[in-house]
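In what follows, a single structure is set out as C-alpha cells and then discussed.
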There are 2 protein chains.
Amino acid sequence: MIRSCSWNVNGLRAAMGKGFLDWVASTDADFICLQETKLQEEQLTEDMRHPLGADGRRYASFWSHASRKGYAGTALYTRRDPLSVTTLGIQEFDDEGRTVVADFGDFVLVSAYFPNSQEAGARLDYKLRFCNAILEFCERIRASGRHVIIAGDYNIAHTPIDLARPEQNEGNAGYLPEERAWMDTFTGRGYIDTFRHLCREPGHYTWWSYRAPKAREKNIGWRLDYHCVDPELGPAIRQATIHPEVLGSDHCPVGLVLDI
Amino acid sequence: MIRSCSWNVNGLRAAMGKGFLDWVASTDADFICLQETKLQEEQLTEDMRHPLGADGRRYASFWSHASRKGYAGTALYTRRDPLSVTTLGIQEFDDEGRTVVADFGDFVLVSAYFPNSQEAGARLDYKLRFCNAILEFCERIRASGRHVIIAGDYNIAHTPIDLARPEQNEGNAGYLPEERAWMDTFTGRGYIDTFRHLCREPGHYTWWSYRAPKAREKNIGWRLDYHCVDPELGPAIRQATIHPEVLGSDHCPVGLVLDI
DNA sequence: CTTACTAGG
DNA sequence: CCTATTAAG
C-alpha cells in the first residue's frame with residue numbers, strides 16, 4: 001500500500017508560518033509532492049528539508065527550483081528510498097523547476113506543476129508543450145512495463161463539474177478548450193483521474209481564488225490538483241481524496257492510496 | 001500664535017492604518033508638515049486630502065510627489081489659507097517631491113525632506129546641493145524682510161548629543177562631517193534649531209532604526225527632524241517639542257509654537 | 001488577495 | 001525591519 005499527498009503550497013516559506021510542518025506530520029503519507037515552493041536551494045531550512053513524519057522519522061526530500069527567484073518550483077518528500085531522482089529533462093521546463101521525477105523501480109512518481117496558461121492564453125503554447133511532454137513521459141514508462149503516478153497542480157479544470165462556475169469561465173486560463181482537450185487526450189489514452197474515478201459528484205474543488213471575495217467559504221472553486229495514474233493501476237486505486245479543510249494556501253492537498 | 005507639527009510618516013498609506021487620522025485630530029496644529037508620503041496624486045484619498053482637525057474643521061492640503069512611485073514626497077496640511085504654494089523650483093529636487101513651500105505673507109513655511117546621503121555617501125553631493133538650495137532660499141526670504149520656517153526631516157544629526165551612538169556612527173549616512181558642517185554653516189548664519197534652542201539635554205531623538213532590534217524601546221535613536229527658523233524669530237519661539245510616544249513610523253513628530 | 005521580488009531607508 | 005514597487009497567480 002502506498003499513500004501519496006500533493007499540495008500546491010503557494011510559497012513554502014509562507015506555508016511554514018501557517019502550520020505546514022504540523023500538516024506534514026499529520027498526513028502519514030509515504031510521499032508528499034509539493035508545487036509552487038517559490039524558493040531556491042539556499043533558502044531551504046533544515047525543517048523544510050527533513051520534516052518529521054507521523055511515524056516519528058524524518059522525510060528525505062528532493063527539490064527542483066526555478067532559475068528565477070521566488071517562482072514556481074516543485075519538491076518531493078519521501079519515506080522510501082528512490083532508485084533515482086531526476087526531472088523531465090527538458091530545458092524549458094527544468095528552468096522553471098516544474099517536475100521532480102522519482103523512480104521507485106516498479107513505479108515512477110512525478111510531482112508536477114503544470115504551467116498557468118495566463119491571461120489571453122499568453123502561455124498556452126508553453127503549457128501544451130509541457131502537457132505533451134508529460135504524456136510522452138508517461139507512455140515511455142508504461143511501455144517499459146512500469147507504473148506512473150503524476151501528482152500535482154495541473155492548472156486545468158477538466159469538465160464542467162470540476163469548477164463552480166463553468167459558464168462564466170469559458171475561455172479563462174485553466175478552462176480553455178485546448179487545456180480541456182489535452183485532458184481528454186490524456187484520459188483517452190487510459191490514464192486515470194483517480195478522484196473522478198471514485199467520485200462523480202460535483203462541488204469538490206482544490207483551489208479557490210484569493211482575488212474573489214470569500215471564494216473559499218462560498219466554495220466557488222476549481223479542481224486543478226490531481227493524482228493521475230496509468231491505466232494498469234486502475235484496480236489498485238483504494239482512495240482518492242481532497243482535503244479542503246487544510247488551510248495555508250489557495251490550494252488544498254489531495255491524497256491517493258494505491259494497493260501496490 | 002502659530003502651531004506647527006512635522007512628521008516623516010514613512011508611507012502615508014501605512015500610517016493611515018496605524019491611526020494617522022486620530023493623530024492629526026489630536027495635534028490641534030495650524031500646520032502639519034509631512035515627509036515620505038510615498039504616494040502620488042492618484043493614490044490620495046479624500047481622508048488624506050482633508051483630515052478632520054481638533055477644531056472640527058477639515059484641513060486644506062498641498063502635495064509634492066516624486067515622479068518615481070512609492071518614493072519620498074512631502075505634504076502640508078493647513079488651517080490658514082496660504083497666499084501661494086510652490087516648491088523649491090529646482091528640477092532635481094522637485095522631481096523627488098522634496099519640498100512644499102507655502103507663503104503666508106509675513107512668513108514662509110517649508111515642509112522639507114532632505115535627501116539621505118546613503119551608504120558610502122553615494123548621494124552626498126545631491127544632498128549637499130539640496131542643503132545649499134535650502135540655505136539660499138532662506139537667505140532670499142530673510143532678505144525680503146519676511147520670516148522662514150524649515151520643518152522636516154533633515155536626515156542629519158548635528159552634534160554628538162543628537163544621536164545615541166555618536167562614536168559608532170562616525171562616517172555613517174546622517175552623521176557625515178560634510179552633513180554636520182552644513183548644519184554648522186546653517187546655524188552659523190543665525191538660523192535656529194528651535195528644539196536645541198530650548199533644550200540642551202541629550203537623549204531626545206526623532207528616529208529609531210527599524211533594522212536594529214528594539215532600537216526604539218532602548219531609545220537608541222537619532223534627532224533628524226527639526227523646526228528651524230530664521231534668526232529674527234528667536235524671541236518668538238515659545239515651544240519646540242518631540243513626541244516619541246506617537247507611533248506609526250520610524251520617525252516621531254516634532255512640534256513648534258511661535259508667538260507671531 | 002496573496003506570495004514572491006527589488007529598491008530604499 | 002519596514003514601506004513601497006513589480007510580476008505572477
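- For the pair R216(A) CZ and dT2(C) P, the interatomic distance rounds to 12 Å; values are reported in whole Å.
- Atom pair N8(B):CG and dT3(D):P shows a separation of 12 Å (rounding to whole Å applied).
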Subject >> Heavy-atom protein contacts under 4.0 Å, nucleotides 3-9 of chain C, coded B base, S sugar-phosphate only, - none >> reply: BSSSSSB

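- Applying the ring pair (Phe, Tyr, Trp, His ring centres under 6.0 Å) criterion to Y113(A), with sequence neighbours excluded, gives no partner residue.
- If you take NE2 of H65(B) and C1' of dA4(D), they are 15 Å apart, rounded to a whole angstrom.
- A straight line from NZ of K214(B) to P of dC2(D) spans 11 Å, rounded to a whole angstrom.
- Legend: salt bridge (Lys or Arg N to Asp or Glu O under 4.0 Å) pairs involving residues 158-173 of chain B, not counting sequence neighbours, sorted by first then second residue: D162(B)-R196(B), D162(B)-R223(B).
- Partners of T241(B) under the side-chain hydrogen bond (donor to acceptor under 3.5 Å, both in side chains) rule, at least two apart in sequence or in another chain, are H243(B).
- Exactly one of K127(B), R123(B), E179(B) qualifies for a side chain to side chain donor-acceptor pair (under 3.5 Å) with S117(B). That residue is E179(B).
- Residue pairs that meet the salt bridge (Lys or Arg N to Asp or Glu O under 4.0 Å) test with at least one member in residues 12-24 of chain A, sequence neighbours left out, do not exist here.
- With sequence neighbours excluded, the residues satisfying side chain to side chain contact (heavy atoms under 4.5 Å, CB included) with T27(A) are C5(A), W23(A), A29(A), I32(A), Y59(A).
- One interatomic measurement links the two molecules: CD1 of I156(A) to P of dG9(D), which rounds to 14 Å at whole-angstrom precision.
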